Amino acid sequence: MVTNIPAWQLVKSYRFREAVEAYERQLRESPDDWGNVGGLGHALMAVGEFAAAIPYLEKIDKYYRESPGRPGCQIELSICDWMIGNRETALSIIKRLVIAVRDGKVSYTDIAGGVEQGLILCYMAITLQSRPDLDLAMKYLKKLATRRRIQYWPGPAALFLLGSLTFGEAVKSATGSADLAQAKEIAEHDLMKRRHLVNILFAAGTERRMAGDEAGCRMLMSECAGLTHPQVEYIWYLANGEVSTV
């Protein structure tokens with residue numbers, strides 16, 4: 001059904017399939033609108049059409065990265081490749097981004113100094129059993145942990161993965177409650193707290209895989225994926241990919 005509701009409003013309302021159709025219509029009407037290009041790529045991710053999302057994300061990524069220091073859509077592209085089975089490509093993309101941020105060639109991607117890509121690299125590296133890449137990710141996160149920005153989200157997720165926070169402390173930092181059941185209830189009614197909890201659960205699942213506890217990893221990834229779509233926390237797709245089809 002055709003709707004006149006702007007695509008971005010449909011995304012905010014979690015009406016992702018309708019958002020795809022709206023962005024496609026808006027893009028036909030305004031083919032040079034970069035907001036529509038990126039919006040369609042992200043909406044396609046939200047409905048699980050990762051291969052279809054890649055050309056739009058590549059286009060907006062190229063546009064963004066014309067400005068020096070910008071990370072573009074490298075995180076989203078890495079995740080899309082991972083979700084369609086191009087895992088070595090996905091790992092390569094996120095590894096390049098980590099190195100670029102580490103070396104000061106790309107500005108950090110979050111206010112904690114670039115934690116998100118470090119968490120993703122840890123997850124992809126341990127899943128593919130790539131010890132050198134896991135070592136790179138951990139050294140990168142340890143370096144970020146020495147800076148004051150690490151107190152900002154998603155910094156606490158890295159601090160948990162590094163052993164500086166317990167799981168309960170991290171969950172409480174995310175939601176105000178150390179009890180996971182209560183934390184999930186709180187998160188379902190507060191998007192920012194849900195985004196924070198997604199990071200903690202993803203980091204916790206990754207930590208369990210690093211410890212060789214696959215059952216624990218899948219349980220925590222399931223908890224992460226079970227939260228309502230957190231909009232811009234793209235690691236949610238990786239957790240969801242562990243337990244189900246988007």
Side-chain angles (χ1 to χ4, degrees), residues 11-16 42 45-46 75-76 79 108-124 126-127 137-138 140-246:
V11 170
K12 287 187 68 175
S13 300
Y14 302 90
R15 295 161 64 180
F16 299 125
H42 289 103
M45 286 184 73
I75 288 175
E76 297 97 304
I79 287 173
Y108 46 79
T109 56
D110 53 58
I111 59 174
V115 164
E116 184 178 9
Q117 61 262 32
L119 296 177
I120 294 170
L121 182 58
C122 278
Y123 167 80
M124 290 184 176
I126 191 59
T127 302
M138 293 300 284
Y140 170 82
L141 290 175
K142 287 176 182 176
K143 182 177 180 179
L144 295 185
T146 65
R147 300 172 179 172
R148 285 191 294 178
R149 284 187 176 274
I150 200 67
Q151 66 182 299
Y152 302 115
W153 281 91
L159 294 176
F160 164 77
L161 193 61
L162 295 169
S164 298
L165 291 177
T166 67
F167 181 69
E169 289 170 340
V171 170
K172 185 173 183 179
S173 177
T175 65
S177 174
D179 177 77
L180 182 57
Q182 186 175 9
K184 288 164 57 181
E185 179 69 21
I186 293 168
E188 283 302 315
H189 297 90
D190 187 316
L191 176 58
M192 287 305 298
K193 290 180 180 179
R194 185 160 73 251
R195 290 176 58 187
H196 296 169
L197 187 58
V198 161
N199 280 282
I200 291 300
L201 291 171
F202 180 81
T206 300
E207 186 275 333
R208 285 295 81 206
R209 178 160 289 163
M210 290 166 62
D213 178 10
E214 275 299 306
C217 172
R218 288 185 61 82
M219 184 273 290
L220 288 159
M221 292 298 185
S222 180
E223 294 282 6
C224 181
L227 293 170
T228 299
H229 196 296
Q231 302 277 358
V232 298
E233 297 300 330
Y234 305 114
I235 56 175
W236 181 87
Y237 294 111
L238 299 175
N240 200 55
E242 288 277 345
V243 297
S244 64
T245 302
V246 176

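Everything numeric here is computed off the predicted structure, so don't read it as measured data.
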| query | Tell me, do Ile186 and Gln182 make a side-chain contact under 4.5 Å, heavy atoms counted? | reply | yes
| remark: Sequence neighbours excluded, the answer for ring-ring contact (aromatic ring centres under 6.0 Å, His included) partners of His229 is Phe16, Trp236, Tyr237
| Who pairs with Arg195 by side-chain hydrogen bond (donor to acceptor under 3.5 Å, both in side chains), at least two apart in sequence or on another chain? | Glu233
| task | Kindly give the heavy-atom pair with the smallest separation between Ala157 and Asn199, and that separation in Å. | result | CB-O, 3.7 Å
| task | Just jot down the side chain to side chain contact (heavy atoms under 4.5 Å, CB included) partners of Lys143, sequence neighbours excluded, or say none. | result | Arg102, Arg147
| Side chains of Arg149 and Leu144: does their closest heavy-atom pair fall under 4.5 Å? | no
| message | Once rounded to the nearest 0.5 Å, what's the spacing between atom CD1 of Ile200 and atom CZ of Phe160? | response | 7.5 Å
| query | Roughly how far, to the nearest 0.5 Å, is the CZ atom of Arg209 from the SG atom of Cys122? | reply | 12.5 Å
| query | Do Asn240 side-chain atoms and Val243 backbone N/O form a donor-acceptor pair below 3.5 Å? | reply | no
| task | Would you indicate whether the side-chain heavy atoms of Leu161 and Met210 approach each other to under 4.5 Å? | result | yes
| Shortest non-hydrogen contact from Pro154 to Asp110? | CD-CG, 3.6 Å
| request: Under the side-chain hydrogen bond (donor to acceptor under 3.5 Å, both in side chains) rule, collect the residues that match up with Gln231, sequence neighbours excluded. | output: none
| Does any donor atom in the side chain of Gln117 or Tyr140 lie under 3.5 Å from an acceptor atom in the other side chain? | yes
| message | Between Ser13 and Arg15 (side chain of the first, backbone of the second, donor and acceptor by atom type, cut-off under 3.5 Å), is there such a pair? | response | no
| request: Report the residues that fulfil side chain to side chain contact (heavy atoms under 4.5 Å, CB included) with Ser173, sequence neighbours left out, ordered by chain and then residue number. | output: Trp153, Pro156
| message | Taking Arg218's backbone N and O only, do any of them form a donor-acceptor pair with Ser222's side chain (distance below 3.5 Å, no angle check)? | response | no
| task | Give, for atom OG1 of Thr146 and atom CG of Leu141, the distance between the pair rounded to the nearest 0.5 Å. | result | 11.5 Å
| said: Please determine whether side chain to side chain contact (heavy atoms under 4.5 Å, CB included) holds for the pair Met221 and Thr206, giving the CA-CA distance in whole Å, both sets of side-chain angles, and the decisive distance to 0.1 Å. | reply: CA-CA 8 Å; Met221 292 298 185; Thr206 300; 3.8 Å; yes
| Are any non-hydrogen side-chain atoms of Ile235 and Ile75 less than 4.5 angstrom apart? | no
| field | Closest approach of Ala145 to Leu162 (non-hydrogen atoms, all atoms of both residues) | value | CB-CD1, 3.7 Å
| said: I need the minimum non-hydrogen distance between Gly118 and Ala137, along with the two atoms involved. | reply: O-CB, 3.9 Å
| query | Is the closest side-chain heavy-atom distance between Glu188 and Thr228 below 4.5 Å? | reply | yes
| field | Non-hydrogen atoms of Leu191 and Tyr14 that approach each other most closely | value | CD1-OH, 4.0 Å
| side chain to side chain contact (heavy atoms under 4.5 Å, CB included) involving Ala178 - partner list, sequence neighbours excluded | Lys172
| Taking side chain as C-beta onward, heavy atoms only, is Arg194 less than 4.5 Å from Thr175? | no
| task | Report the distance from atom CD of Glu242 to atom SG of Cys217, rounding to the nearest 0.5 Å. | result | 5.0 Å
| field | Flag side-chain contact, heavy atom, 4.5 Å: Tyr234 against Val198 | value | no
| request: Begin from the C-alpha positions of Glu207 and Leu220 and carry the test side chain to side chain contact (heavy atoms under 4.5 Å, CB included) through to its verdict. | output: CA-CA 10 Å; Glu207 186 275 333; Leu220 288 159; 6.0 Å; no
